[in-house]
Protein chains: 2
Amino acid sequence: MATQADAAARSRTPLSRQRVLDTAVALADEGGVDALSMRRIAQALGVVPMALYKHVANKDELLDGMIDVVVGEVDPPAGGTDWKTAVRQRILSARRMLLRHPWAAGVIESRTKARTTPTPAVLAYLDSMIGVFRAGGFSIDLVHHALHVMGSRLLGFSQELFEDRPGGEPDPDAPAPEEMAARYPHITELAMAVAHDRDSVVGSGCDDQFEFEFALDLTLDGLDRLRARS
Amino acid sequence: MATQADAAARSRTPLSRQRVLDTAVALADEGGVDALSMRRIAQALGVVPMALYKHVANKDELLDGMIDVVVGEVDPPAGGTDWKTAVRQRILSARRMLLRHPWAAGVIESRTKARTTPTPAVLAYLDSMIGVFRAGGFSIDLVHHALHVMGSRLLGFSQELFEDRPGGEPDPDAPAPEEMAARYPHITELAMAVAHDRDSVVGSGCDDQFEFEFALDLTLDGLDRLRARS
DNA sequence: ACCTGAACACCGTTCAAGT
DNA sequence: ACCTGAACACCGTTCAAGT
């Protein structure tokens, strides 16, 4: 009975809030946040479901804790460089975190909407980001504008509408190529141009990393122009 | 028995996919998407839960249908103007839709992630948006870049991290002002500057609409500069 | 053939009973 | 005082029994 042995081995390490959160993050990474349940976390820890409630008040508080775990993985701002390099590196670090934890952007968004204040780690992230802008000579008003301009990109999130699905089954109820071309001519034109331009890139034929940095740089250059003018 | 009469009156109008979707959208508008269940929709329609499955295959397909209902509310692109005005007006129309249906951005995002293709209405929205760029003289490559730059803003979504909560109870476990100031000095500085600057604005002291248009215009000007250069 | 009640396999969380 | 099994009030969906 390997399962019982595993459970015994696990229960030798005492349960802690950190262990609960780490397990929850690992399960969400594997199976997505929809498949994450208190019962399943308990099972993975070899523990009865109610034992979790000693370390987290309820599921919402668990999700808040998970947010703080992953936001804590984002690199702090680099010192000794100009503001633009520091912001750029940090946002790219946040993006890497979100690629590691695909569920995080959605959870951060929905939990932030439900709370009055972002979670502590998100607050700390924003605060040090503002600090970089301020140290770079931005007026407080311009920082305010800048945060709005960055929007969700501040957390490295970019909404990919045509991302390839892992596994890549053709999906039975997807529209046929001819129908796509007839109904959505502009999308088709664009998709073909992209496929032709970037033959070497695997997957969707679109270099997401390049596009992300292109968008990021355009925004940063615009902000820098405003900064120089003030 | 008013309830029974209501149910009878409702069931006189035959159930249809449109009526199911409209009811679901209305319930989500009122109570949020978390409180939306097949059982609750059925109850609102005075119908047994299983009756819904004649008109929608399952809950995911219901959510897809709801997306198409609300995206269909976005104005089509205005004709007879320059590309920038047309894009601007359309994005502002999408933003108004999302303010009417606060659950929509999250559902669009999560459902798009789960499907291989965006829902038909989202495809149509994107297609006509691309059409506006193309008619405005954008090369296909530049349109491709532009879509990435707009990102989620293309659907009018902007992530507001410090939105005031309706009802405005002080929230017992929110950090005290002194603690906020000590731990997050830059956020506090910014919040105070904003509050001082815009005394007249009700609520958070931050004019969301102005900020949204500021960000939008910065992005559009950047794109226009690239367009003129090519 | 159509409709639907009961049932199944879940879920988060309460609570009282056991140690 | 601590821990936990059973129970409660849900959920989406299957399926067989009723019309």
Side-chain angles (χ1 to χ4, degrees), chain A residues 3-4 6-8 10-17 19-21 23-28 30-67 103 106-107 110-111 113-115 172-173, chain B residues 3-4 6-8 10-17 19-21 23-28 30-67 103 106-107 110-111 113-115 172-173:
Chain A
T3 324
Q4 201 177 314
D6 288 354
R10 277 189 216 101
S11 62
R12 222 165 281 143
T13 322
L15 205 57
S16 68
R17 181 177 164 87
R19 245 159 62 78
V20 170
L21 295 179
T23 303
V25 167
L27 285 178
E30 285 167 31
V33 79
D34 283 344
L36 188 75
S37 72
M38 299 300 276
R39 285 165 145 98
R40 207 178 295 264
I41 297 165
Q43 195 189 357
L45 285 162
V47 141
V48 90
M50 281 315 296
L52 303 177
Y53 287 81
K54 177 94 3 104
H55 302 96
V56 290
N58 50 43
K59 198 182 182 184
D60 282 341
E61 215 254 321
L62 172 93
L63 291 172
D64 290 345
M66 291 169 67
I67 290 173
W103 50 271
V107 171
S110 72
R111 285 301 302 148
K113 226 171 263 178
R115 299 164 49 103
D173 62 40
Chain B
T3 324
Q4 201 177 315
D6 288 353
R10 276 190 217 103
S11 61
R12 220 165 284 144
T13 322
L15 205 56
S16 68
R17 181 177 165 87
R19 244 159 64 77
V20 170
L21 294 179
T23 303
V25 166
L27 285 179
E30 286 168 30
V33 77
D34 283 343
L36 188 75
S37 72
M38 299 299 277
R39 285 165 143 99
R40 209 179 293 265
I41 298 165
Q43 195 188 357
L45 285 162
V47 139
V48 89
M50 280 314 296
L52 304 177
Y53 286 81
K54 177 91 7 100
H55 301 96
V56 291
N58 50 43
K59 198 182 182 186
D60 282 341
E61 214 254 321
L62 172 93
L63 291 172
D64 290 345
M66 292 170 67
I67 289 173
W103 50 271
V107 171
S110 72
R111 284 302 300 149
K113 225 170 263 178
R115 298 163 50 102
D173 62 37

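Just so we're on the same page: letters track the sequence lines, and every chain starts at 1. Note that the structure is a prediction, hence the values are computed from the model and not measured. Worth knowing before you read on, the calculation uses all heavy atoms, side chains too, and leaves out hydrogens, waters and symmetry mates.
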Tell me: CG of A:L15 to C1' of D:dC3, nearest whole Å?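 After rounding, the gap between these two atoms is 12 Å.
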How far does [atom1] of [X] sit from [atom2] of [Y], to the nearest 0.5 angstrom?
{"X": "A:I41", "Y": "A:M66", "atom1": "CD1", "atom2": "CE", "result": "6.5 Å"}
{"X": "A:T23", "Y": "A:R40", "atom1": "OG1", "atom2": "CZ", "result": "14.0 Å"}
{"X": "B:L62", "Y": "B:H55", "atom1": "CG", "atom2": "NE2", "result": "12.5 Å"}

Taking C-beta and beyond as the side chain, do B:D64 and B:V56 meet within less than 4.5 Å on heavy atoms? no
Can you confirm whether A:L15 sits close enough to A:K54 that some side-chain heavy atom of one is under 4.5 Å from a side-chain heavy atom of the other? no
Paired with D:dC15 by Watson-Crick or G-U wobble geometry, both distances under 3.5 Å: which nucleotide is it?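 In the structure as shown, D:dC15 has C:dG5 as its Watson-Crick or wobble partner.
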Watson-Crick or G-U wobble partner for C:dC10, using a 3.5 Å limit on both distances?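 Its partner: none found.
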By nearest-nucleotide position on DNA chain D, the 5'-leaning member of A:K54 and B:P49 is A:K54
B/S/- contact track for nucleotides 5-12 of chain D, protein heavy atom under 4.0 Å: B-B---BB
Over all atoms of both residues, closest heavy-atom pair of A:V33 and A:W103: CB-CB, 4.0 Å
